[in-house]
Number of protein chains: 2
Amino acid sequence: MTARSKKQPAERTGAESLASTAYERLRFDIISGVFPPETKLLIRELCTRYAIGLSPIREALNRVSRDGLVEHHDQRGFSVTAVTEADLEDITKSRCWANEFALRESIANGDQAWEEAILIAYHRMARLSGPAEQSDAPVDAAWERAHRTFHTSLISACNSKWLIGFCEQLFDAADRYRFLARLQFRGRTQRQNEHRDIMDAVLRRDADQAVQLLLDHFRATLKYSRLEIDRLRGLPKQGPVEPAHSRKKPAPDNAPRARRMAR
Amino acid sequence: MTARSKKQPAERTGAESLASTAYERLRFDIISGVFPPETKLLIRELCTRYAIGLSPIREALNRVSRDGLVEHHDQRGFSVTAVTEADLEDITKSRCWANEFALRESIANGDQAWEEAILIAYHRMARLSGPAEQSDAPVDAAWERAHRTFHTSLISACNSKWLIGFCEQLFDAADRYRFLARLQFRGRTQRQNEHRDIMDAVLRRDADQAVQLLLDHFRATLKYSRLEIDRLRGLPKQGPVEPAHSRKKPAPDNAPRARRMAR
DNA sequence: GTCAACATGAAAATCGATTTTATTGCGCGT
DNA sequence: ACGCGCAATAAAATCGATTTTCATGTTGAC
């Protein structure tokens, strides 16, 4: 036996820890709305859901809480950050500001590799956009990733890792609102051409036009998402999508809000 | 025994978890340069240093890593983020952008409470500035906190939690560079009047002037910190300030770089 | 009838042991 | 002698048990 049976050279880099995979899954589940806003995240439930121990879950929770998707109160656990219209507007304003700067810098500094990266990112996204049209799939993880990559590629030449990181964080935050809205609207609004127009302007190095289109794009997302917030308000908060583990005592009828964080 | 011996009603709100205190201490120690850049952070050593268990340390490390002060590689542990001139310039550029926007918004929106908060923050900082003049104290934690609070207060009326959070993160990152520089220069550069001038312009609602002064302030920090980077470069990297726990085998002489992260 | 102290149960937080993984030094074959 | 594979060691990562803390519902005194 000449050993070496463990690691295929192909996946050599894929040595992820359980905590990291838990982080990815948790972040995705929060953004995609599996855990509705203000849901209390019980460590034990997450353990059984993801089939891993306490420590990695706890580690993952700490990371998402620094992403702003989850709030943490000492001795009182974690809960999904609430959604409010003010927060949505804050996010949109911030990402407009940050992306405008980053995009202008990118257009000024971008080289050929940058242009090609945008082109590739767009086409990968566009290719996924067709087959995924069926609206019964609640979330197309692949397209979402490609979408994120596309937006990052636009500003990737701004020469600021901090700014890029900030934009990505805001992207995730805004995405959560978009997903929440989609849960109602079922079926994707067709906005692929917005992306194409943005890309065209960027590659044309028309900074003003590109910025204009990009900000419009963000504001359209805002408008689209905002419609849902009012509807969400007043809805009884509930646990994760799959029914919460049966309580020994089914909550008495006079408890309209279940599993809500004390504030 | 009528119990109730545990908690004084005074410190009722101070129910911090060990992980949170570890986070604070760790962040402070990294920013203040106790752990030099690129130091490998061994969990066990941190456990003994802070006298707490693995889990809280690990939790704290995850949080600081999301703050950008520490890098994490799966299965390979944590290490203090390296310092580079490019990173320092990135940070400065980013905080100039972010703070300009935030400050203009603040000046436009700020109410009386905002003005008074600035005033108070300044005076608290100024009061600490006098007695702390002795240069033998490596770090005056109280003044540093007040300094941070002052800068945050300036932009606190910008109506964007995201933007404020971003600015604070950048503040910490820049502060680490400033501390590293101070370790050499011993003795504080007297820049208190810069803060006063900024405050005056802000309270006068002279946005252009305030922005000008604030950005100059940041750039002065950049200039001040940059001087040290070249000097740091080439210096043998070493462990925490207190001598590294004695190795059974003292490293052979041909190993110039000790405890360095593989990259 | 109202309020406060108390008991009870649930969840978070912490710890220490165990498992997994990476790194380093050594021996062997070429 | 040089490179390659293997063993030994150190560190990270994970798990499960235990301790602390909070929330809830109840009882008793005023």
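Residue numbering restarts at 1 for every chain, and letters A, B, ... go by the order of the sequence lines.
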Whole angstrom is fine here: how far is it from [atom1] in [X] over to [atom2] in [N]?
| X | N | atom1 | atom2 | value |
| --- | --- | --- | --- | --- |
| Ile57(B) | dT14(C) | CD1 | P | 11 Å |
| His73(B) | dA13(D) | NE2 | P | 11 Å |
| Phe78(B) | dA22(C) | CZ | P | 15 Å |
| Leu42(B) | dA22(C) | CG | C1' | 14 Å |
| Tyr23(B) | dA13(C) | OH | C1' | 19 Å |
| Leu54(B) | dA17(D) | CG | C1' | 15 Å |
| Ile43(B) | dA17(C) | CD1 | C1' | 16 Å |
| Glu16(B) | dT21(D) | CD | P | 13 Å |

Does Asp90(A) use its side chain to pair, donor to acceptor, with the backbone of Lys161(B) at less than 3.5 Å?
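Flag set: sc Asp90(A) to bb Lys161(B) pair under 3.5 Å.
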
Determine yes or no for a side-chain-to-main-chain donor-acceptor pair under 3.5 angstrom, with Trp114(A) supplying the side chain and Ser153(A) the backbone.
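Yes; judged by distance alone, with no hydrogens or angles, the pair exists.
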
Please determine, for the side chain of [X], which listed nucleotide ([options]) has the closest atom?
| X | options | result |
| --- | --- | --- |
| Arg58(B) | dA17(D), dG16(C), dA12(D) | dA12(D) |
| Gln75(B) | dT14(C), dA11(D), dT21(C) | dT21(C) |
| Lys40(B) | dA12(C), dT14(D), dA11(D) | dA11(D) |
| Ile52(A) | dA13(C), dT14(C), dC15(D) | dC15(D) |
| Arg76(A) | dA11(C), dA23(D), dA13(D) | dA23(D) |

List the steps, then state whether side chain to side chain contact (heavy atoms under 4.5 Å, CB included) holds for Cys47(B) with Leu54(B).
CA-CA 6 Å; Cys47(B) 286; Leu54(B) 298 171; 3.6 Å; yes

Mind checking if Leu41(B) touches a base, just sugar-phosphate, or nothing, with heavy atoms under 4.0 Å?
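Touches sugar-phosphate only.
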
Using the closest heavy atom to pick a nucleotide of DNA chain C for each, name whichever of Arg44(B) or Ala51(B) lands nearer the 5' end.
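Taking each residue's closest nucleotide, the earlier one in sequence belongs to Ala51(B).
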
Hey, is Asp175(A) close enough to Arg148(A) for a salt bridge, meaning N to O under 4.0 Å?
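No.
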
Less than 4.0 Å between a side-chain N and a carboxylate O, is that true for Arg178(A) and Glu144(A)?
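Looking at Arg178(A) together with Glu144(A), the answer is yes, because their closest N to O distance falls below 4.0 Å.
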
